[in-house]
Amino acid sequence: MVTIKYVSRELTKVEQYRMTLDNAIKSCKDIADGTEIEVDAFCEFEDTKDNGETETVFAILATDGTVYACTSKTFARNVREIADVFEGDKFTIIKQSGKTKAGKDFIYACLSY
């Protein structure tokens, strides 16, 4: 079960489905570092699995129609911060990754300019 918590703009039913349930969603961690994504819309939702576990997912709809999703709080925060500055204007992000001091992999987004 999916419960949408936030949307950057009003989504059509097709966009909502594609960003939350579609099998064509690409995982952000699987795309190459340096990949540019022109953001059309984004949303945050809770996905409750059959076993009762819930996770928060952040999804982006790119202007080319591709949907990317992740559970990274850092990546989601980065995109929201950029969107706040752009106040509804289109923007492009770059997906990057790194390692924490403890050696754990993480992803983040930065503004493409």
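Just so you know, these numbers come straight off a predicted model, no measurement behind them.
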(message) Tell me whether N51 at atom CG has more than 12 heavy atoms from other residues, nucleotides or ligands lying less than 6.0 Å away.
(response) yes
(message) To check you understand the geometry: which heavy-atom pair defines the closest contact between S72 and I107, and what is its length?
(response) OG-O, 3.4 Å
(message) Taking the side chain as everything from C-beta on, heavy atoms only, tell me whether F75 gets closer than 4.5 Å to K95.
(response) yes
(message) Taking the side chain as everything from C-beta on, heavy atoms only, tell me whether F91 gets closer than 4.5 Å to V85.
(response) no
(request) Treat each ILVMFWY residue as a node, draw an edge where side-chain heavy atoms are under 4.5 Å apart, and state whether L61 and V2 are in one component. (result) yes
(message) Would the distance check show the side chain of R18 and the main-chain N or O of G65 forming a donor-acceptor pair, the cut-off being under 3.5 Å?
(response) yes
(message) Give me the atom names and distance for the closest heavy-atom approach of C43 to L11.
(response) CB-CD1, 4.4 Å
(request) Side-chain contact test, heavy atoms from C-beta onward, threshold under 4.5 Å: evaluate it for V67 versus D22 and give yes or no. (result) no
(message) Let me check something: do Y68 and L111 share a hydrophobic cluster, defined by ILVMFWY side-chain heavy atoms less than 4.5 Å apart, either directly or through other members?
(response) yes
(request) Rounded to the nearest 0.5 Å, what's the gap from CD1 on I94 to OH on Y113? Could you check? (result) 8.0 Å
(request) Nearest 0.5 Å please: distance from the OG1 atom of T92 over to the CD1 atom of I37. (result) 9.5 Å
(request) Give the minimum heavy-atom separation between A59 and M19, together with the two atoms involved. (result) CB-O, 3.3 Å
(message) Quick check: closest heavy atoms across R9 and A41, and the distance to 0.1 Å?
(response) NE-CB, 3.7 Å
(request) Identify the two heavy atoms, one from V79 and one from A109, that lie closest to each other, and give their separation to 0.1 Å. (result) CG2-CB, 3.9 Å
(message) To the closest 0.5 Å, what do you measure between OG1 (T20) and CD (E15)?
(response) 11.5 Å
(request) Please name the residue in the list K5, R80, R77 that meets the salt bridge (Lys or Arg N to Asp or Glu O under 4.0 Å) test with E44. (result) R80
(message) Between Y6 and I25, is there shared hydrophobic-cluster membership here, with clusters defined by ILVMFWY side-chain heavy atoms closer than 4.5 Å?
(response) no
(message) Does E53 have more than 12 heavy atoms from other residues, nucleotides or ligands lying within 6.0 Å of its CD?
(response) no
(message) With a 4.5 Å cut-off on side-chain heavy atoms, are V39 and I93 touching?
(response) yes
(message) What I'd like to find out is whether the side chain of D89 reaches to under 4.5 Å of the side chain of E87, using heavy atoms alone.
(response) no
(request) Say whether E36 and S112, considering side chains only, have a donor N or O and an acceptor N or O under 3.5 Å apart. (result) yes
(message) Can a donor-acceptor pair be found, under 3.5 Å and without considering hydrogens, that links the side chain of K26 to the backbone of I31?
(response) no
(message) Return the OG to CZ distance between S97 and F106, rounded to the nearest 0.5 Å.
(response) 8.0 Å
(request) Can you measure from NZ (K73) to OG1 (T56) and round to the nearest 0.5 angstrom? (result) 7.0 Å
(request) Fit a plane to each ring of F42 and F58, take the angle between them on a 0 to 90° scale, and name the class: parallel (under 30°), tilted (30 to 60°) or perpendicular (over 60°). (result) tilted
(message) Please report the interatomic distance CD(Q96) to OG1(T35), rounded to the nearest 0.5 Å.
(response) 8.5 Å
